[in-house]
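Per chain, numbering begins at 1; letters A, B, ... match sequence-line order.
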2 protein chains.
Amino acid sequence: MHRNNHPGAESRAGIADVASLAGVSQGTVSNVLNHPERVAEETRARVVRAMEMLSYVPNGLARSLAAGSSSTIGLVVTDLSNSLFIDIARGAERAAELAGVDLMLANADGRLDREERYLGLFAQSRFAGILMTLNDEQHFASIAARATGRTPLVMLNFNAPEARFCSASVDNELGGYLAAQHLLELGRRRLVFVGGPDELKPVQDRGRGYRRALREHGLGSVREVMPERINRADGWEIGLALADPVARAEVDGIFASSDLLAAGIVQALAGTVGVSIPEDVAIVGFDNNQAAWDSPIPITTVSQPGEAVGRIGAELVQTEAAARSGPHAHRSVILTPELVVRRSTSTVPALQTTA
Amino acid sequence: MHRNNHPGAESRAGIADVASLAGVSQGTVSNVLNHPERVAEETRARVVRAMEMLSYVPNGLARSLAAGSSSTIGLVVTDLSNSLFIDIARGAERAAELAGVDLMLANADGRLDREERYLGLFAQSRFAGILMTLNDEQHFASIAARATGRTPLVMLNFNAPEARFCSASVDNELGGYLAAQHLLELGRRRLVFVGGPDELKPVQDRGRGYRRALREHGLGSVREVMPERINRADGWEIGLALADPVARAEVDGIFASSDLLAAGIVQALAGTVGVSIPEDVAIVGFDNNQAAWDSPIPITTVSQPGEAVGRIGAELVQTEAAARSGPHAHRSVILTPELVVRRSTSTVPALQTTA
DNA sequence: GCAGCGCATTGAAGCGCTTCAGGTCGAGAC
DNA sequence: GTCTCGACCTGAAGCGCTTCAATGCGCTGC
């Protein structure tokens, strides 16, 4: 490896260049960066001036390598097109900022291989800690298996066993319960639950809560639909399939396990002649996605406190990182979801503000 | 600095541990990682086995430091809650993946100081290159001033001067022209342009294109509104203000310089008694955001090829990075926007698929 | 039987920083 | 005048890798 000497590309200034220009030792320059209080004011000023003259940019790689630690944490997110994850990212970023650490994001875009690849990248980058959103047991198992355990790893949106990981998640069972209770309080009795694939643990939990509410009202869950995926297109198809039962008054309430699903259903149903929402059928979604308040008919939903999940996750990972050299008791924080009533279940909704 | 020896935390395995377990030298282990073809198959297998036994995770910091280069590129995004930027990120990621490099994201969340901070972080991390989305001249100036010029920096969504940077952007002037032309072809003559603050260059360009189309039809731009910001809430207010003129048939077409703006306007207008869209007033937005196809009345818009911007940006930054040791001619690629007709301007829209 | 060759491997010199044991110097204490 | 002490600063030893000149060594060719 030899220095690149092509014209106009004098090699980047290093700490040694700064030191000699300022007439001090490397150690002093380093102290200016890391322990300014140890350096006499006059010397410090001289060094800073030298840095500016050379437009010196410290090499973070060498810094972290030598110091044996970095102050960056990573967040691997399942899919940025779901606004829940953006909320989580925002929360994590704010917490990181308050703590004075940096946060880098990676978007798996719904692909498991990408998730694992980014996890590896973050681990190799020796980040102080890693945050990752998780969706199902199986997925958790595969991630947990490959976790070396050297970099603190905190699970978001998934209630991981405290024996191994910290995690921050939402009480999905309660959310499902709240949704069902709302429909029941509106007098709806002919309900449909639109769930999702078995592997999606949060969705299963929502279903459990829903059924519990039904039982408490002496009802059994009659109709349940389990689509392969839970995005808008699936909702659309389900909506089309439900148009008939709704028109025949066999169905008067729908709980969809995601807002995307609910938005698709609303889109399909609202376009169907003779079906009016919420009169003929009331619909509740889950997540409080953009999709919910942005829908033609704003959708009642169970709000996941995404920002809080992100914030708490970031706090947990930093606590764990700080305890690196000692024992650490993992904590799994479970947050409470909240019902947000909108037009899809109520003809007199609360005044709706945007944002 | 001394090794941490608390129980259960044997220090992480290093290349030396792998080497001695496999009975080879460090150099050979390194070759297994970086130049497998130089190592005899049998040796390679032995080394790989040793790595697995020690669950060895290479230290990326040391790797990049020693190699003098990293294969990660960074993308600083203005605001993830705008789906255009998610498209850009997706495009950049795909291109990066194809090229076998990694992509880390940072979300400035609309704050300039965050953008600069992340830019610095990426530069210190000695990423192979940096992509960043940019919105206005002033902003560009401040970023350009601080650019050290050592790490390739490509501007996205902003047509930067080729003398200094590569960039990938969209022809906003043409987009504005297309929008206006569409309204004019529909026979609308009493048009309103809803622009944005002076600093938003793209928005200014859209206005220029809009006015050019009007001139070509022998019209002058009579009504123009210039809100402070261009989000949904502003659109809502403008919509309320326009309800009256629309009801009095003084306005029959609106071109809003962003979909968020347009969505707000539609929301306000659609709620107004007696105003029907597109009969009374046709509305065109810009960006092809989620907000546009998700609106109560899907909004005709000018589609920005976000994925292409991201993809081309990633390609440009890699080209520039590859040319690090030689001269490099910056390129600024300008992409063509496309009109997407939806219900807000047409009573017989093309079949609308989701996603 | 020996020069010559190419393949597989080694060993040590860095990469740009942080850290820390020591060194220097001036001031205050006696 | 000497001793001590604290405030500053220096110098060199790593951090965990990559790289590359140098070293073996089993072959081929004559």
Side-chain angles (χ1 to χ4, degrees), chain A residues 1-4 11-47 50-51 54-71 123-128 150-151, chain B residues 1-4 11-47 50-51 54-71 123-128 148 150-151 324:
Chain A
M1 183 117 272
H2 88 124
R3 296 222 166 225
N4 164 9
S11 35
R12 220 192 277 255
I15 206 174
D17 303 304
V18 175
S20 74
L21 178 60
V24 297
S25 75
Q26 282 197 28
T28 300
V29 176
S30 174
N31 280 334
V32 168
L33 249 31
N34 304 295
H35 309 279
E37 77 284 359
R38 292 188 193 161
V39 180
E41 177 52 28
E42 195 220 357
T43 314
R44 207 187 59 79
R46 198 150 28 95
V47 170
M51 287 178 170
L54 298 170
S55 53
Y56 168 67
V57 178
N59 184 326
L61 300 174
R63 243 140 84 86
S64 304
L65 178 60
S69 72
S70 112
S71 71
Q124 296 193 6
S125 302
R126 293 296 191 266
F127 281 177
R150 304 238 104 275
T151 305
Chain B
M1 181 121 272
H2 90 124
R3 294 221 169 228
N4 163 11
S11 38
R12 219 192 277 256
I15 205 173
D17 304 304
V18 175
S20 73
L21 178 60
V24 296
S25 74
Q26 283 197 27
T28 300
V29 176
S30 173
N31 279 335
V32 168
L33 249 32
N34 304 295
H35 310 280
E37 77 285 358
R38 290 187 194 161
V39 180
E41 178 51 28
E42 196 220 358
T43 315
R44 207 187 59 78
R46 198 150 28 93
V47 170
M51 286 177 168
L54 300 170
S55 54
Y56 168 68
V57 178
N59 184 326
L61 299 175
R63 244 141 81 86
S64 303
L65 179 60
S69 71
S70 112
S71 72
Q124 295 194 6
S125 302
R126 293 296 190 264
F127 282 177
T148 65
R150 304 236 105 273
T151 305
R324 224 49 219 126

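Each salt bridge (Lys or Arg N to Asp or Glu O under 4.0 Å) pair with one or both residues in residues 21-45 of chain B, not counting sequence neighbours, appears once here: B/Glu41-B/Arg44. Listed by first and then second residue, the side chain to side chain donor-acceptor pair (under 3.5 Å) pairs involving residues 56-71 of chain B are B/Asn34-B/Arg63 (not counting sequence neighbours).
No side-chain heavy atom of B/Val57 sits under 4.5 Å from any side-chain heavy atom of A/Arg150. B/Val47 places none of its side-chain heavy atoms less than 4.5 Å from the side chain of B/Val39. Within the 4.5 Å cutoff, side-chain heavy atoms of B/Ser25 are placed close to those of B/Thr28.
Between B/Ala16 and B/Gln26 the shortest heavy-atom distance is CB-NE2, 3.8 Å. Closest heavy-atom contact between A/Asp17 and A/Arg12: OD2-O, 4.2 Å. Closest heavy-atom contact between B/Leu61 and A/Leu61: CD2-CD2, 3.7 Å.
The nearest whole Å value for the distance from the CD1 atom in B/Ile15 to the C1' atom in C/dG11 is 13 Å. Put simply, CZ on B/Arg63 is 14 Å from C1' on D/dT19, counting in whole angstrom units. At whole-Å resolution of the value, CE in A/Met51 and C1' in C/dG16 are 13 Å apart. Between the P atom of C/dT10 and the CD atom of B/Gln26 lies a distance of 11 Å, rounded to the nearest Å. The distance from atom CG of B/Leu61 to atom C1' of D/dT18 is 15 Å, rounded to the nearest whole Å.
In terms of the side-chain contact (heavy atoms from CB on, under 4.5 Å) criterion, residue partners of A/Ala50 (sequence neighbours excluded) are, by chain and number, A/Val18, A/Leu21, A/Ala22.
Over its length, the helix from C/dG1-D/dC30 to C/dC30-D/dG1 turns its helix axis by 40°, as judged from the five terminal pairs at each end, rounded to 10°.
For the OP1/OP2 pair of D/dT10 and a distance below 4.0 Å, the side-chain nitrogens and oxygens of A/Thr28 include at least one atom meeting the criterion. Between B/Ser25 and C/dT9 there is no side-chain N or O to OP1 or OP2 distance below 4.0 Å.
Residues of residues 30-46 of chain A that place a heavy atom closer than 4.0 Å to DNA chain C, in numerical order, are A/Ser30, A/Asn34, A/His35.
In this structure, A/Val29 reaches neither bases nor backbone, as no heavy-atom distance under 4.0 Å exists between it and the strands shown. Here B/Gly27 lies in heavy-atom contact (under 4.0 Å) with a base.
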Give every pair of a protein N or O atom and an N or O atom of nucleotides 22-24 of chain D that lie under 3.5 Å apart, one pair per line with the distance.
none

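The side chain of B/Asn59 has D/dG16 as its nearest neighbour among D/dG16, D/dT10, C/dT18.
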